[in-house]
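Report on one structure; see the data block that follows.
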Protein chains: 2
Amino acid sequence: MKRQVTIKDIARKLGVSISTVSRALKDHPDISVKTREAVKELASILGYKPNMIALNLKHSRTNTIGVLVPEVEHYFFSSVLNGVEEVAYKNDFSVMVFQSNESYMREVLITQNFLTNRVDGVLASFSKNTHDFTHFKKIIENEIPMVFFDRERGELHADSVIVDDYSGAYQAVSHLISKGCKRIAFYSAPRHLVLGKNRLEGYKAALEDNGITYSPDMVYSCDTFDEAEKISRSILKKHDRPDAIFAVNDLTAIGAMKVAKKLGLRVPDDIRLVGFENSRSSWICEPELTTVDQFGFELGKEATGLLLSRIKLNTFDYEVERRMMKTQIVVRGTT
Amino acid sequence: MKRQVTIKDIARKLGVSISTVSRALKDHPDISVKTREAVKELASILGYKPNMIALNLKHSRTNTIGVLVPEVEHYFFSSVLNGVEEVAYKNDFSVMVFQSNESYMREVLITQNFLTNRVDGVLASFSKNTHDFTHFKKIIENEIPMVFFDRERGELHADSVIVDDYSGAYQAVSHLISKGCKRIAFYSAPRHLVLGKNRLEGYKAALEDNGITYSPDMVYSCDTFDEAEKISRSILKKHDRPDAIFAVNDLTAIGAMKVAKKLGLRVPDDIRLVGFENSRSSWICEPELTTVDQFGFELGKEATGLLLSRIKLNTFDYEVERRMMKTQIVVRGTT
DNA sequence: ACGGCCCATCTAACCGGTTACCGAAATTTA
DNA sequence: TAAATTTCGGTAACCGGTTAGATGGGCCGT
């Protein structure tokens with residue numbers, strides 16, 4: 001492959017030393033205007049581009065942040081990514097995105113990659129199957145700033161930016177109750193995810209604040225379209241079927257809706273549904289889905305801003321922060 | 001921040017030279033077993049990780065490929081990305097993903113970033129608003145291998161891996177004709193994209209092969225949900241409205257379907273629809289959308305494999321290749 | 001006892017920049 | 001006019017590895 005133009009080439013052609021070229025290019029006052037102009041002109045003629053790798057080695061920074069995300073295919077994560085890019089980009093940082101595909105093994109390899117590639121900081125949303133966090137601990141041992149987003153893990157020295165799951169769930173369930181629903185099922189994420197716990201708390205609180213007793217029988221572990229299709233079939237056939245379903249994400253709600261319609265239930269008359277995400281899908285399905293907007297784009301911007309501020313701190317000795325993003329219920333046809 | 005362990009640290013503690021450590025770590029035969037074992041043991045105790053940046057500088061490679069994509073939010077592109085990661089990953093390459101958001105300006109900046117970050121190769125799908133290709137020429141001038149995917153540009157020294165748009169469109173339109181459709185509208189991508197041209201040709205050919213005369217009045221420039229909602233309103237109200245719509249992607253087809261249903265048309269009895277993508281959305285809408293599967297995952301794998309083979313060639317003197325990915329029509333409820 | 005040879009390791013240059021420090025010429029000052 | 005001070009640019013170390021070639025001690029044969 002073609003060798004790139006270096007300052008050495010410029011120095012040789014101009015008969016000056018490489019340090020002069022280096023200084024001239026960055027407007028160092030030690031260099032005379034004449035020399036500086038000559039260097040700059042030749043540099044642009046030759047198409048000189050500084051070698052980032054050499055700079056990175058010198059400064060031991062890469063100006064790169066690593067992002068670990070379960071799947072970019074999910075609307076929420078892709079919108080987070082947009083926010084991340086926006087901020088990173090404005091601050092001259094590059095972004096390396098890796099998907100765990102909800103696989104723990106893959107996640108471990110990705111974090112190792114972060115270490116060997118010497119990213120300056122890490123944004124991470126770990127997989128649903130991650131119960132062991134030693135791979136993240138290694139990143140922290142290396143004093144690489146890390147911000148968890150959406151899914152958090154309190155005990156590590158890492159900031160987190162999360163969705164206000166509690167209040168999102170509370171809003172959603174309160175809304176359903178205001179529509180007259182009494183038997184509200186909750187299709188929930190696995191319990192070990194903090195978001196699962198918090199949404200459950202919000203669900204419970206909304207029920208209890210409205211005089212409805214909480215029953216664990218109404219909570220199902222189900223957070224994908226396919227699972228929703230499967231379990232809804234039996235749930236919705238029962239004589240004491242729920243009159244509303246609050247689902248942990250839009251696709252799950254839509255899966256349930258599909259089954260409901262197939263069973264001849266009318267939406268929203270016989271059964272009301274609320275999702276969580278405000279994804280594209282939520283206005284593609286019919287009727288359009290009432291859902292809780294998670295503001296992924298803003299979350300991405302927030303998390304990246306926080307991470308960059310940590311990187312700029314240049315010390316690992318800071319108080320860990322936990323930021324919560326507001327949610328907003330979007331009322332549509334399914335309620 | 002914490003300084004990473006280097007071979008220098010190991011050398012000092014062991015009282016040997018850094019070259020000995022370097023060689024010991026890579027099982028060089030010059031080093032005695034005793035020394036080698038000692039070095040390796042200390043390395044693992046100290047948690048030594050080779051500094052990729054230094055290696056990159058030495059070898060002037062980064063083991064990184066840059067990916068330029070319009071928007072990861074689109075199902076097709078996110079599935080391509082999955083394929084890219086899969087292959088890159090197996091070959092110990094990292095992937096840097098950048099979204100142009102269909103902005104030409106952004107795209108130019110991203111390609112500059114590829115140059116300064118010294119990626120070893122580029123996978124690119126340019127934006128709809130790109131008419132000037134000098135930014136790609138710069139990459140090629142630097143002899144960085146490039147593979148265009150999905151959207152190609154013939155005149156540059158770059159391979160391309162594209163969807164067989166012609167046959168995909170031909171299949172889709174033939175299918176509609178076999179269902180008895182006579183007036184088939186085509187919601188098309190901008191003409192300057194090769195994929196737009198090829199699908200139009202496939203559309204024309206399918207019509208003509210079945211004795212239907214092609215009429216330019218049936219071709220509309222429309223490739224988003226919003227545009228489809230807007231233009232379909234008037235198109236579907238006309239007394240000589242089409243009896244089928246073939247759309248350039250799923251969301252456009254779904255936008256049209258939504259309007260059709262609002263106008264009281266029955267799908268598929270009054271109007272049939274075919275999309276292009278086989279996205280998640282295509283089985284969320286109702287009825288489920290007949291669509292042409294583009295096999296994004298396979299396309300991503302193919303393009304990355306080709307790119308990596310070019311990188312490994314280690315010369316820029318190769319014949320440019322153009323690979324076409326087969327498509328497959330998926331028949332569902334809208335036809 | 002000495003030249004030759006092998007083995008294990010070290011020295012130093014290199015990748016492409018940055019930058020502290022040094023030195024010679026030009027200019028100012030006494 | 002000699003000394004002091006700028007001005008301008010060069011030298012060399014450094015970032016963390018790799019690697020060709022040098023070095024030096026031990027063992028061999030004659």
Side-chain angles (χ1 to χ4, degrees), chain A residues 1-40 42-43 46-64 92 115-120 142 314, chain B residues 1-40 42-43 46-64 92 115-120 142 314:
Chain A
M1 305 273 156
K2 200 166 136 190
R3 221 180 53 74
Q4 298 273 1
V5 180
T6 70
I7 52 168
K8 209 174 283 184
D9 300 320
I10 299 176
R12 197 170 344 100
K13 293 208 181 174
L14 242 44
V16 296
S17 76
I18 56 169
S19 62
T20 303
V21 175
S22 171
R23 282 195 261 254
L25 288 171
K26 33 179 36 196
D27 291 323
H28 193 286
D30 271 8
I31 305 299
S32 67
V33 180
K34 215 179 81 213
T35 312
R36 194 200 308 162
E37 295 303 320
V39 168
K40 285 192 175 178
L42 185 58
L46 297 180
Y48 167 76
K49 285 244 182 330
N51 186 328
M52 281 304 281
I53 309 174
L55 291 179
N56 290 341
L57 176 59
K58 181 70 184 172
H59 299 128
S60 34
R61 310 187 264 88
T62 50
N63 266 46
T64 299
D92 286 314
L115 245 30
T116 56
N117 273 77
R118 297 288 209 275
V119 295
D120 292 339
N142 280 279
N314 225 26
Chain B
M1 305 274 158
K2 199 168 137 190
R3 220 179 52 75
Q4 298 274 0
V5 180
T6 70
I7 51 169
K8 209 174 284 185
D9 300 321
I10 299 177
R12 197 170 344 100
K13 294 209 179 170
L14 242 43
V16 296
S17 76
I18 55 169
S19 61
T20 302
V21 175
S22 171
R23 284 198 253 258
L25 288 171
K26 31 179 39 196
D27 292 324
H28 194 288
D30 271 8
I31 305 298
S32 68
V33 180
K34 215 179 81 211
T35 312
R36 193 200 308 162
E37 295 303 320
V39 168
K40 285 193 175 179
L42 186 57
L46 297 180
Y48 166 77
K49 285 244 181 329
N51 185 329
M52 281 305 281
I53 309 174
L55 291 180
N56 290 343
L57 176 59
K58 181 69 184 172
H59 298 129
S60 34
R61 312 186 261 88
T62 50
N63 267 45
T64 299
D92 286 315
L115 246 29
T116 57
N117 273 77
R118 297 287 208 275
V119 295
D120 292 339
N142 281 280
N314 224 26

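The structure displayed is predicted, hence computed values, not measured ones. So you know, we letter chains A, B, ... as the sequences are listed, proteins then strands, and number each from 1.
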(message) Give the residues of residues 52-60 of chain B touching DNA chain D, defined as any heavy atom closer than 4.0 Å, sorted by residue number.
(response) B/Ala54, B/Leu55, B/Lys58
Output the single nucleotide from [options] whose closest atom is nearest the side chain of [X].
X       : options                : answer
B/Ile7  : C/dC10, C/dC15, D/dT18 : D/dT18
A/Asn51 : D/dT18, D/dG9, C/dG17  : C/dG17
A/Lys8  : C/dT19, C/dC15, D/dG10 : C/dC15

Send over the distance from [X] [atom1] to [N] [atom2], rounded to a whole Å.
X       : N      : atom1 : atom2 : result
A/Leu14 : D/dC8  : CG    : C1'   : 15 Å
A/Asp9  : C/dC14 : CG    : P     : 15 Å
B/Lys26 : C/dT9  : NZ    : P     : 18 Å
B/Leu46 : D/dG16 : CG    : C1'   : 16 Å
B/Arg12 : D/dG17 : CZ    : P     : 12 Å
A/Asp27 : C/dT18 : CG    : C1'   : 15 Å
B/Arg61 : C/dG16 : CZ    : C1'   : 17 Å
B/Ile18 : C/dA8  : CD1   : P     : 21 Å

(message) Suppose the criterion is salt bridge (charged side-chain N to carboxylate O under 4.0 Å, His left out): which pairs have a residue in residues 52-62 of chain B, not counting sequence neighbours?
(response) none
(request) Could you go through the salt bridge (charged side-chain N to carboxylate O under 4.0 Å, His left out) check for B/Asp30 and B/Arg36 one step at a time? (result) CA-CA 10 Å; B/Asp30 271 8; B/Arg36 193 200 308 162; over 6 Å; no
(message) Does A/Ser32 reach a base, just sugar-phosphate, or nothing at all? Heavy atoms under 4.0 Å.
(response) sugar-phosphate
(request) State whether the side chain of A/Asn51 and the backbone N or O of A/Ile53 hold a donor-acceptor pair below 3.5 Å, judged by distance alone. (result) yes
(message) Quick one: does any side-chain atom of B/Asn63 pair with a main-chain N or O of B/Asp92 as donor and acceptor, under 3.5 Å?
(response) yes
(request) Enter the distance from A/His59:NE2 to A/Asp120:CG here, rounded to the nearest 0.5 Å. (result) 12.0 Å
N or O in side chain of [X] less than 4.0 angstrom from [N] OP1/OP2:
X       : N      : result
B/Thr20 : C/dC10 : yes
A/Thr6  : C/dG16 : no
A/Ser22 : C/dT19 : no

(request) Could you check A/Pro50 against B/Val33 and say which one's nearest nucleotide on DNA chain C is further toward the 5' end? (result) B/Val33
(request) Establish, from distance only, whether the side-chain atoms of A/Asn56 and A/Thr62 form a donor-acceptor pair under 3.5 Å. (result) no
(request) Start with the C-alpha gap between B/Asn142 and A/Gln4, add the side-chain angles, then the distance that decides, and say whether side-chain hydrogen bond (donor to acceptor under 3.5 Å, both in side chains) holds. (result) CA-CA 8 Å; B/Asn142 281 280; A/Gln4 298 273 1; 3.2 Å; yes
(request) Check the surroundings of atom NZ in A/Lys2: do more than 12 heavy atoms from other residues, nucleotides or ligands lie under 6.0 Å from it? (result) yes
(request) Give the minimum heavy-atom separation between A/Leu25 and A/Ala43, together with the two atoms involved. (result) CD2-CB, 4.0 Å
Check: protein-nucleotides 20-23 of chain D nitrogen or oxygen pairs below 3.5 Å:
residue : atom : partner : partner atom : Å
D/dA20  : N6   : B/Arg23 : NH2          : 2.7

(request) Using the side-chain hydrogen bond (donor to acceptor under 3.5 Å, both in side chains) rule, take A/Ser19 and A/Ser22 through it: C-alpha gap first, then chi angles, then the decisive distance, then the call. (result) CA-CA 5 Å; A/Ser19 62; A/Ser22 171; over 6 Å; no
